[in-house]
Amino acid sequence: MQIATWNVNSIKQRLEHLLAFASTEQPDVICLQELKCQNEAFPALEIEGAGYNIAHLGQKSFNGVAILSKHPLEDIRIGLPGDATDEQARYLEAVVAPVGGAAIRVASIYLPNGNPVDTPKFDYKLSWMDRLIQHTRSLLALEEAFVLAGDYNVIPNAKDAANPQEWVGDALFRPESKERFQALLNLGLIDALRSCTDEASLYTFWDYQAGSWQRNNGIRIDHLLLSPQAADLLQSVSIAKELRSWDKPSDHVPVIARLKQ
DNA sequence: ATGGCTTTCTACGAAAGA
């Protein structure tokens with residue numbers, strides 16, 4: 001089973017890219033972030049036409065997450081527990097249940113950016129991460145295979161940035177953000193890509209500005225975190241870097257994990 | 001760089017993103 005995550009930066013602007021990616025890679029599951037689209041405007045017919053079942057959580061202008069699956073989706077859960085007042089569309093969870101196969105729980109995550117750090121936006125990021133840690137504890141208690149896939153807006157280590165000094169003080173690289181990401185790993189989650197390679201220069205985001213792509217000034221902020229039961233199934237991880245060179249690209253590219261069965 | 005692009009919105013500049 002192939003599970004992909006991709007921040008598309010507007011599902012409407014990226015629909016043709018999504019259909020091309022789906023046709024070429026044929027992932028079983030695609031977790032999307034930054035739909036920037038309300039539910040009623042989601043291009044469901046086109047995506048269903050490509051063979052996917054859809055769970056989506058949209059909102060006007062910003063945010064928005066979806067799970068696309070070639071297999072039936074069950075037990076769809078909307079929103080990250082822990083704050084009933086949080087109205088931002090950043091978390092969606094479902095069980096992907098292949099007919100006659102083993103089910104796997106999948107979440108599509110759009111973790112808050114958190115900049116500027118001297119504002120409530122950074123507090124929101126940190127409290128959102130604390131809620132994610134708490135929710136992960138409850139998921140781990142189920143002792144199931146699950147994947148938390150998405151745009152974490154965290155650069156885990158200096159080797160995950162081409163120019164780490166540029167990010168010192170930024171919400172994506174602040175110690176408080178990195179510590180909470182590490183806390184997720186300390187619970188027992190596995191960073192899928194880092195479990196396969198220690199290689200540097202592996203990035204998933206290049207800013208639209210300042211020729212970041214041409215200069216390969218990237219960062220790795222899109223991650224698939226696996227439960228121990230899912231990590232046992234992991235075969236390989238790849239970054240679909242070539243999509244960043246397409247016409248009118250997202251500033252993020254997909255990351256794909258391949259699991260046995 | 002006081003974000004150099006890109007996207008969205010009851011738009012025609014501002015806000016958000018990272």
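Each chain gets a letter, A, B and so on, in the order the sequences are listed, and its residues count up from 1. Source: prediction; values computed, not measured.
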Inter-nucleotide [atom1] distance ([N], [M]), Å rounded:
| N | M | atom1 | answer |
| --- | --- | --- | --- |
| B:dT10 | B:dA16 | P | 14 Å |
| B:dA11 | B:dT6 | C1' | 15 Å |
| B:dA1 | B:dC12 | C1' | 26 Å |
| B:dT2 | B:dG13 | P | 24 Å |

Atom-to-atom span, [atom1] of [X] to [atom2] of [N] - whole angstrom:
| X | N | atom1 | atom2 | answer |
| --- | --- | --- | --- | --- |
| A:Asp247 | B:dC5 | CG | P | 16 Å |
| A:Tyr110 | B:dA16 | OH | C1' | 8 Å |
| A:Asp222 | B:dG17 | CG | P | 15 Å |
| A:Asn115 | B:dT2 | CG | P | 13 Å |
| A:Asn153 | B:dG17 | CG | C1' | 8 Å |
| A:Asp151 | B:dA16 | CG | P | 17 Å |
| A:Tyr152 | B:dG17 | OH | P | 19 Å |
| A:Gln33 | B:dG17 | CD | C1' | 14 Å |

Problem set entry | Side chain to side chain, A:Val95 and A:Glu144, heavy atoms closer than 4.5 Å | no
Verify the distance criterion only: is there a donor paired with an acceptor across the side chains of [X] and [Y] at less than 3.5 Å?
| X | Y | result |
| --- | --- | --- |
| A:His252 | A:Gln33 | no |
| A:Tyr203 | A:Asp160 | no |
| A:Trp206 | A:Asn217 | no |
| A:Tyr52 | A:Asp28 | no |

Problem set entry | Distance below 4.0 Å between A:Arg215 side-chain N/O and B:dG4 OP1 or OP2 | no
Seminar exercise, completed: Between A:Trp167 and A:Ala210, the residue closer to the 5' end of DNA chain B by nearest nucleotide is A:Ala210
Exercise. DNA chain B: A:Leu172 or A:Ser212, which has the more 5' nearest nucleotide?
Worked result: A:Ser212
Exercise. So A:Tyr152 and A:His223, would you call those rings parallel, tilted or perpendicular, with 30° and 60° as cut-offs?
Worked result: tilted
Exercise. Under 3.5 Å, is there a donor-acceptor pair between the side chain of A:Arg137 and the main chain of A:Leu140?
Worked result: no
For this session: Describe the nucleic acid contact of A:Arg90 in one word from base, sugar-phosphate, nothing, applying a heavy-atom distance below 4.0 Å.
Result: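 Since only primed, P, OP1 and OP2 atoms lie under 4.0 Å of A:Arg90, the category is sugar-phosphate.
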Exercise. Hey, does A:Asn7 reach any base, or is it just sugar-phosphate, or nothing, if we go heavy atoms under 4.0 Å?
Worked result: sugar-phosphate
For this session: Starting at the 5' end of nucleotides 6-15 of chain B, put B wherever the base has a protein heavy atom under 4.0 Å, S where only the sugar-phosphate does, and a dash everywhere else.
Result: SSSSS-----
